[in-house]
Amino acid sequence: MTEAVTPAVELADRVRAVVEGALGRSLDDWPADMSLTEFPSATYDSLMQLEVATRLEREFGLETGALDTGDVGTLDSVAARLAELDGPS
């Protein structure tokens, strides 16, 4: 039996893919509620956070500046902020 893909799951998958693209590393086993600054072998500093925010804005068709570095601390926080903005397209 195939599990239905809900909008929340689809959003989480898209967020994970964008963050993985920025980091250049897989996040398959990374807990969505764990801080990305703790990710091993990746520098998730303020410049990387800005890169992730910019990539997410592009992916979801948001205006520049809709996300800031405070919104991209965890995969869950990104998904929550995007849902709050109601911007995913």
Quiz item: Would you call V78 and D71 a side-chain contact if the rule is heavy atoms closer than 4.5 Å?
Solution: no
Practice problem: Nearest 0.5 Å please: distance from the OG1 atom of T54 over to the CD atom of Q49. | Solution: 11.5 Å
Exercise. Let me see the working for L23 and V52 under side-chain contact (heavy atoms from CB on, under 4.5 Å), right down to the final yes or no.
Key: CA-CA 8 Å; L23 289 173; V52 167; 5.6 Å; no
Quiz item: Distance from L75 atom CG to D33 atom CG, nearest 0.5 Å?
Solution: 9.0 Å
Exercise. May I ask whether F39 and V15 are part of the same hydrophobic cluster, defined by side-chain heavy atoms of I, L, V, M, F, W, Y residues being less than 4.5 angstrom apart, directly or through others?
Key: yes
Quiz item: Roughly how far, to the nearest 0.5 Å, is the OG atom of S46 from the CG atom of D68?
Solution: 12.0 Å
Quiz item: How many angstroms lie between OH in Y44 and CG in L36, if you round to the nearest 0.5 Å?
Solution: 4.5 Å
Quiz item: Has the side chain of R14 got a donor or acceptor atom that lies under 3.5 Å from a matching backbone atom of L56?
Solution: no
Exercise. Using the rule that two of Ile, Leu, Val, Met, Phe, Trp, Tyr join whenever any of their side-chain heavy atoms come within less than 4.5 Å, decide whether L85 and V72 are in one cluster.
Key: yes
Quiz item: S26: what forms a side chain to side chain contact (heavy atoms under 4.5 Å, CB included) with it, not counting sequence neighbours?
Solution: E20, D28
Quiz item: Just how far is it from atom OG of S35 to atom CG of D76, taken to the nearest 0.5 Å?
Solution: 12.0 Å
Quiz item: Is L27 linked to L67 within one hydrophobic cluster, defined over Ile, Leu, Val, Met, Phe, Trp and Tyr using a side-chain heavy-atom separation of less than 4.5 Å?
Solution: yes
Practice problem: Kindly indicate whether the side chain of T43, heavy atoms from C-beta on, has any atom under 4.5 Å from the side chain of M48. | Solution: no
Practice problem: Identify which one of E59, E51, E57 satisfies the side-chain contact (heavy atoms from CB on, under 4.5 Å) criterion when paired with R55. | Solution: E51
Quiz item: Applying the 4.5 Å side-chain criterion to the ILVMFWY set and letting contacts propagate, would L11 and W30 be lumped into a single cluster?
Solution: yes
